[in-house]
Amino acid sequence: FTKKFKGILEDAGVKIILAPFQAPNANAIAERFVQSIKHECLDKMILFGPGSLERAQRDYTEHYLNERPHQGLGSDHIQGAPASSQGKIEVTERLGGLLKFYSRAA
């Protein structure tokens with residue numbers, strides 16, 4: 001980035017993090033998240049100002065990191081208790097029902 005562009009980002013509260021030297025996978029991981037949030041969230045919403053964008057980003061990130069199943073973990077979740085086959089099924093909605101997470105009550 002140019003010095004002027006970095007200044008604009010820093011004034012907006014964006015922290016610039018450089019990709020690690022000789023680590024091509026670090027860029028791929030970031031690009032995959034950007035593709036996911038655009039396709040699964042931002043392309044389906046009409047946003048009014050930076051506040052609604054920040055809320056959508058925050059809710060999507062929470063869902064992406066903690067609620068959705070991860071293939072690398074055998075379709076398990078990063079956080080949370082082991083799945084149970086007993087109890088009432090509960091649904092947690094985010095972004096007005098655009099994202100849903102199903103779990104069983106304890």
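Owing to the predicted nature of the structure, the values given are computational and were not obtained by experimental measurement. As a basis for the values below, the full set of heavy atoms in this structure was taken, side chains included, without hydrogen atoms, waters or symmetry mates.
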Query raised in the report: Aromatic rings F33 and Y64: how do their planes relate, parallel, tilted or perpendicular, breaks at 30° and 60°?
Result: perpendicular
Report summary line: Interatomic distance, CD@Q35 vs CD1@I37, rounded to 0.5 Å, equals 12.5 Å
Report task. Nearest 0.5 Å please: distance from the CD atom of E54 over to the CG atom of L47. Result -> 11.0 Å
Query raised in the report: Closest heavy-atom contact between H63 and K100?
Result: CE1-O, 3.9 Å
Query raised in the report: So if you build clusters from Ile, Leu, Val, Met, Phe, Trp, Tyr with side-chain heavy-atom gaps below 4.5 Å, do L53 and F48 land together?
Result: no
Requested in this report: With rounding to the nearest 0.5 Å, note down the distance linking NZ in K38 to NZ in K44.
Outcome: 14.0 Å
Query raised in the report: Do F5 and I16 belong together in a cluster built from hydrophobic side chains that touch within less than 4.5 Å?
Result: yes
Report summary line: Looking only at heavy atoms, the pair that brings A56 and L95 closest together is CA-CD2, 3.6 Å
Query - Pairing residues for E10 by the side chain to side chain donor-acceptor pair (under 3.5 Å) criterion, not counting sequence neighbours - result: none
Query raised in the report: Is the backbone of R58 close enough, under 3.5 Å, to the side chain of T61 for a donor and an acceptor to pair up by distance?
Result: no
Query - Interatomic distance, L99 atom CG to C41 atom SG [nearest 0.5 angstrom] - result: 6.5 Å
Report task. Looking only at non-hydrogen atoms, find the nearest pair between M45 and L98 and report the distance. Result -> CG-CD2, 4.1 Å
